[in-house]
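All values below were derived from every heavy atom in this structure, side-chain atoms included, with hydrogens, water molecules and symmetry-related copies excluded.
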Amino acid sequence: MDDLLGDSPAAPSAQIPTIRLGELCSGQRMSLEGIALQAFSLGISLALATSLMGSILLFTSSPLWRIPFFIAALSTFHFLEFWTTAKYNTPVANVNSFLLMANWPSYQIAHVAAMLECLITNLLFPNRAWAPFYTGHILLLLGLVLVIMGQIARSAAMIQAGRSFNHVIQMRKKDDHELITTGLYSFMRHPSYSGFFFWGIGTQLVLGNPICFVAYTAVLWRFFSTRVRHEEEVLSVHFGEAYRTYKKHVGSGVPFVS
């Protein structure tokens with residue numbers, strides 16, 4: 001992952017940039033073709049994954065329904081990244097807003113590894129009980145809750161921030177930007193980071209992956225702890241004492257990140 005999971009709580013600017021026709025052509029960052037292909041691919045992926053998951057649940061007792069669930073969750077996440085940006089921060093929406101190529105290839109390798117762990121362990125060790133004290137069903141339910149609530153928090157944070165939200169940290173403060181401290185931002189300084197963090201570890205609980213659960217937790221925590229520190233240095237410059245006071249009274253939303 002890189003600077004493509006932004007969460008800057010500042011009010012939107014009223015300026016709307018002019019879009020040149022050439023920017024909408026194939027291969028450009030605002031390519032209509034690229035946007036259409038990614039949206040279509042995510043829709044097909046979601047439909048196929050949902051159908052496969054339903055079939056496995058209806059006609060078998062196999063736990064492998066978890067893999068298409070993961071694919072469906074991923075498809076939904078990446079579609080909503082673009083949709084919320086396109087609807088609530090239209091001027092910056094582009095082909096990269098889907099985040100499908102974020103931090104290539106480590107981000108993609110992590111998801112492939114998660115699916116492989118689930119597949120291999122269920123095929124080779126179908127009777128293994130990795131959850132302590134027979135808490136497998138509880139952890140599965142917890143994972144589902146984290147995935148759903150994490151996605152809601154992520155999307156809601158982007159919606160509330162509106163045109164102030166950007167996947168890339170904004171080094172320059174626009175004249176009419178204001179610090180947002182209401183709604184989700186009154187409970188945590190970085191609700192979209194918190195949402196993605198818990199969404200990520202929730203997917204691994206659903207998959208039943210002890211190895212990837214630990215790996216996802218460690219990597220996500222390290223990424224967001226570094227990201228928050230860097231972003232808040234910028235925000236402290238932008239908003240001065242107002243942001244420092246806000247930081248003193250509101251937690252980050254990411255565990256063990258002050």
Side-chain angles (χ1 to χ4, degrees), residues 1 4-5 37-83 98-155 194-224 255:
M1 286 169 282
L4 294 179
L5 290 170
L37 285 174
Q38 290 188 70
F40 177 78
S41 298
L42 288 172
I44 292 296
S45 175
L46 177 59
L48 292 176
T50 303
S51 298
L52 180 57
M53 179 180 65
S55 298
I56 294 174
L57 287 171
L58 284 174
F59 302 112
T60 76
S61 58
S62 172
L64 290 178
W65 63 267
R66 299 167 188 239
I67 295 177
F69 170 85
F70 181 54
I71 295 173
L74 277 172
S75 300
T76 301
F77 171 82
H78 286 288
F79 171 76
L80 288 175
E81 286 298 295
F82 178 82
W83 182 84
F98 288 99
L99 300 189
L100 286 172
M101 303 302 290
N103 200 37
W104 172 269
S106 56
Y107 177 76
Q108 292 73 18
I109 290 173
H111 294 325
V112 172
M115 290 185 281
L116 286 176
E117 181 182 352
C118 181
L119 177 64
I120 292 171
T121 53
N122 280 286
L123 290 179
L124 298 182
F125 310 102
N127 297 317
R128 69 78 162 103
W130 68 274
F133 308 110
Y134 304 98
T135 57
H137 293 299
I138 297 175
L139 292 178
L140 171 60
L141 179 60
L142 175 61
L144 290 170
V145 171
L146 289 178
V147 170
I148 294 170
M149 296 306 296
Q151 182 64 73
I152 291 174
R154 172 77 179 177
S155 297
S194 178
F196 187 84
F197 178 84
F198 288 108
W199 178 92
I201 63 176
T203 61
Q204 300 314 297
L205 287 176
V206 174
L207 288 171
N209 288 345
I211 297 174
C212 281
F213 173 79
V214 174
Y216 269 54
T217 302
V219 171
L220 285 171
W221 184 87
R222 181 178 179 182
F223 170 77
F224 284 124

Expected list for residues 41-50: side-chain donor-acceptor pairs under 3.5 angstrom, two or more places apart:
residue : atom : partner : partner atom : Å
Ser41   : OG   : Leu37   : O            : 2.8
Ser45   : OG   : Ser75   : OG           : 2.8
Thr50   : OG1  : Leu46   : O            : 2.7

Mind jotting down which residue pairs meet the side chain to side chain donor-acceptor pair (under 3.5 Å) criterion with at least one end in residues 109-119? Sequence neighbours excluded, please.
Tyr107-His111, His111-Tyr216

Taking only residues at least two apart or on different chains, which pairs with a member in residues 55-64 satisfy side chain to side chain donor-acceptor pair (under 3.5 Å)?
none

What's the spacing between [X] [atom1] and [Y] [atom2] if we round to 0.5 Å?
{"X": "Leu80", "Y": "Leu99", "atom1": "CG", "atom2": "CG", "value": "11.5 Å"}
{"X": "Ile67", "Y": "Leu119", "atom1": "CD1", "atom2": "CG", "value": "4.5 Å"}
{"X": "Asn103", "Y": "Ile109", "atom1": "CG", "atom2": "CD1", "value": "9.5 Å"}
{"X": "Phe79", "Y": "Leu100", "atom1": "CZ", "atom2": "CG", "value": "12.0 Å"}
{"X": "Leu142", "Y": "His137", "atom1": "CG", "atom2": "NE2", "value": "14.5 Å"}
{"X": "Arg66", "Y": "Leu144", "atom1": "CZ", "atom2": "CG", "value": "8.5 Å"}

Hey, is the main chain of Phe196 close enough, under 3.5 Å, to the side chain of Arg154 for a donor-acceptor pair?
no

Could you list the residues that satisfy ring pair (Phe, Tyr, Trp, His ring centres under 6.0 Å) with Phe98, not counting sequence neighbours?
Phe82

So for atom CE, which belongs to Met149, do other residues, nucleotides or ligands contribute more than 12 heavy atoms lying within a distance under 6.0 Å?
no

With sequence neighbours left out, write down each residue that passes side-chain hydrogen bond (donor to acceptor under 3.5 Å, both in side chains) with Gln38, or none if nothing qualifies.
none

Any side-chain heavy-atom pair of Ile71 and Met115 under 4.5 Å:
yes

Using side chain to side chain contact (heavy atoms under 4.5 Å, CB included), reason through Leu74 and Trp199 one step at a time and then give a plain yes or no.
CA-CA 10 Å; Leu74 277 172; Trp199 178 92; 3.5 Å; yes

What are the two closest non-hydrogen atoms of [X] and [Y], and how far apart are they?
{"X": "Leu64", "Y": "Leu123", "value": "CD1-CD2, 4.3 Å"}
{"X": "Val147", "Y": "Ala73", "value": "CG1-CB, 4.3 Å"}
{"X": "Phe198", "Y": "Pro255", "value": "CZ-CG, 3.6 Å"}

Tell me which donor-acceptor pairs under 3.5 Å the side chains of residues 207-215 have, and how far apart each pair is, sequence neighbours excluded?
residue : atom : partner : partner atom : Å
Asn209  : OD1  : Cys118  : N            : 3.3
Asn209  : ND2  : Ala114  : O            : 2.8
Asn209  : ND2  : Gln204  : OE1          : 3.1

Kindly indicate, with the supporting measurements, whether the criterion side chain to side chain contact (heavy atoms under 4.5 Å, CB included) is fulfilled by Val206 and Trp65.
CA-CA 10 Å; Val206 174; Trp65 63 267; 4.3 Å; yes

Going through the checks in order, is the side chain to side chain contact (heavy atoms under 4.5 Å, CB included) test met by Val112 and Gln108?
CA-CA 6 Å; Val112 172; Gln108 292 73 18; 5.5 Å; no

